[in-house]
Amino acid sequence: AQSVSQHNHHVILSEAASLELGCNYSYGGTVNLFWYVQYPGQHLQLLLKYFSGDPLVKGIKGFEAEFIKSKFSFNLRKPSVQWSDTAEYFCAVNAHSNYQLIWGAGTKLIIKP
Amino acid sequence: DTAVSQTPKYLVTQMGNDKSIKCEQNLGHDTMYWYKQDSKKFLKIMFSYNNKELIINETVPNRFSPKSPDKAHLNLHINSLELGDSAVYFCASSHSGGAHEQYFGPGTRLTVT
C-alpha cells in the first residue's frame, strides 16, 4: 500500500534559519507530489507541486522542493524562514490519474521571533 | 469571491443528534472530496465524488452519508453523532485525475458534547 512519511513531527527554528522538511513515499510508479501548508486556524493551501520535468520546483513564499526519484523523496526547503512561516506542513502523493491523495502526518513548524 | 465554501463554520451539538455540513465550489471543478482532520492534525479522506458519482468511499461508519446534488455541491450528513466524530471536516475540489491540486474549504469544526 502507498504511504507517505514525514520524518519530523515538530520542528522549532529561529527566524532566518534554513529549513528542510523531509518527505518520503512508497510507490514504485509515476507519482504526483504536493506540499500543502495550513496556517493556524486556516484551511490547507498549496505551496508547490511536482508532476514532471525539472525535479526542483519553486512554490509560493520562497519555498522550493526537490524530487529525488532514486530516494523516493520530495523534501521541502526554504533558505531563510520568517515568523509568519509558523504552520503545519503536509506532504501528499498520488499515482498519476489516481484521484486519491495519500497524506503524510504533517510537520508542525514553529518559528521563534 | 470564495472558491470553496462550507457551512456552517462551527457546529456544536449533542450526542445522538443528526447534522449536515454543506459544501459548494465555484471553480468549475468536477471532483469533490470530504476529509476529516483530527485533533493531531491527521488528514483522512472520507469520500470523493466525480461528476456526481462516488469514486472514493473509505472505511467510515455508515452514519456518514455524502450526497452530491450536482458537480458544484457535496454535502455530508451525519446520523447519531458520537463524541469521536468531533473534528474539523474539510471539503475540497479539483479537476478530474490525479495531476491536479485540490482546493480546500475553510473547514467545519464539529464538536459533539
Side-chain angles (χ1 to χ4, degrees), chain A residues 1-6 8-11 21 23 25 27 29-53 57 59-60 65 67 74 86-110, chain B residues 2-7 9-10 21 23 25 27 29-60 68 71 74 87-109:
Chain A
Q2 297 174 47
S3 66
V4 176
S5 174
Q6 291 184 240
N8 311 101
H9 216 56
H10 289 88
V11 173
L21 301 182
C23 173
Y25 64 92
Y27 180 70
T30 306
V31 292
N32 305 308
L33 300 152
F34 306 82
W35 274 100
Y36 282 82
V37 61
Q38 186 177 25
Y39 297 105
Q42 294 191 26
H43 63 285
L44 284 88
Q45 306 169 46
L46 183 73
L47 264 183
L48 46 79
K49 59 189 177 186
Y50 172 82
F51 295 152
S52 63
V57 292
I60 60 171
F67 171 48
F74 190 54
T86 294
E88 192 93 21
Y89 291 81
F90 294 90
C91 180
V93 176
N94 66 3
H96 268 200
S97 304
N98 188 333
Y99 292 93
Q100 187 167 352
L101 276 176
I102 308 299
W103 294 84
T107 297
K108 187 178 181 72
L109 175 65
I110 297 172
Chain B
T2 307
V4 182
S5 60
Q6 293 178 230
T7 53
K9 194 167 182 183
Y10 299 96
I21 307 172
C23 177
Q25 54 94 5
L27 297 167
H29 292 159
D30 54 10
T31 306
M32 297 184 73
Y33 312 79
W34 276 114
Y35 286 91
K36 179 181 179 180
Q37 187 176 47
D38 63 23
S39 57
K40 294 184 178 179
K41 301 291 187 181
F42 187 74
L43 268 171
K44 178 184 175 182
I45 181 73
M46 299 174 72
F47 304 103
S48 178
Y49 273 76
N50 173 251
N51 287 316
K52 301 195 297 175
E53 182 183 338
L54 184 64
I55 57 169
I56 296 175
N57 186 4
E58 288 296 291
T59 307
V60 299
S68 181
K71 288 195 297 185
L74 179 61
V88 180
Y89 292 84
F90 286 101
C91 176
S93 72
S94 73
H95 287 298
S96 291
H100 296 285
E101 65 186 269
Q102 294 180 16
Y103 290 78
F104 283 78
T108 296
R109 182 173 292 276

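Quick note on labels: first sequence line is chain A, next is B, and so on, each numbered from 1. Nothing here was measured: the structure is a model prediction, and the numbers come from that model.
For the pair B:Glu58/A:Gln100, a side-chain contact is recorded, criterion being any heavy-atom separation below 4.5 Å from C-beta on. Looking only at side-chain heavy atoms (C-beta outward), B:Gln102 and A:Tyr36 come within less than 4.5 Å of each other.
Here A:His43 contributes atom NE2 and B:Tyr103 contributes atom OH; the two are 10.5 Å apart, rounded to the nearest 0.5 Å. The NE2 atom of B:His100 lies 13.0 Å from the CG atom of A:Leu46; values are rounded to the nearest 0.5 Å. One distance of note links CG of A:Leu101 with CD of B:Glu101; it measures 10.5 Å at 0.5 Å rounding.
With a 4.5 Å cut-off on non-hydrogen atoms, A:Gln38 touches chain B through its side chain but not through its backbone. Heavy atoms of A:Gln42 lying under 4.5 Å from chain B belong exclusively to its backbone.
In plain terms, the two heavy atoms of A:Leu44 and B:Phe104 that are nearest each other are O-CB, 3.6 Å.
Residues of residues 36-44 of chain B lying within less than 4.5 angstrom of chain A, judged on heavy atoms, are B:Gln37, B:Lys41, B:Phe42, B:Leu43 in numerical order.
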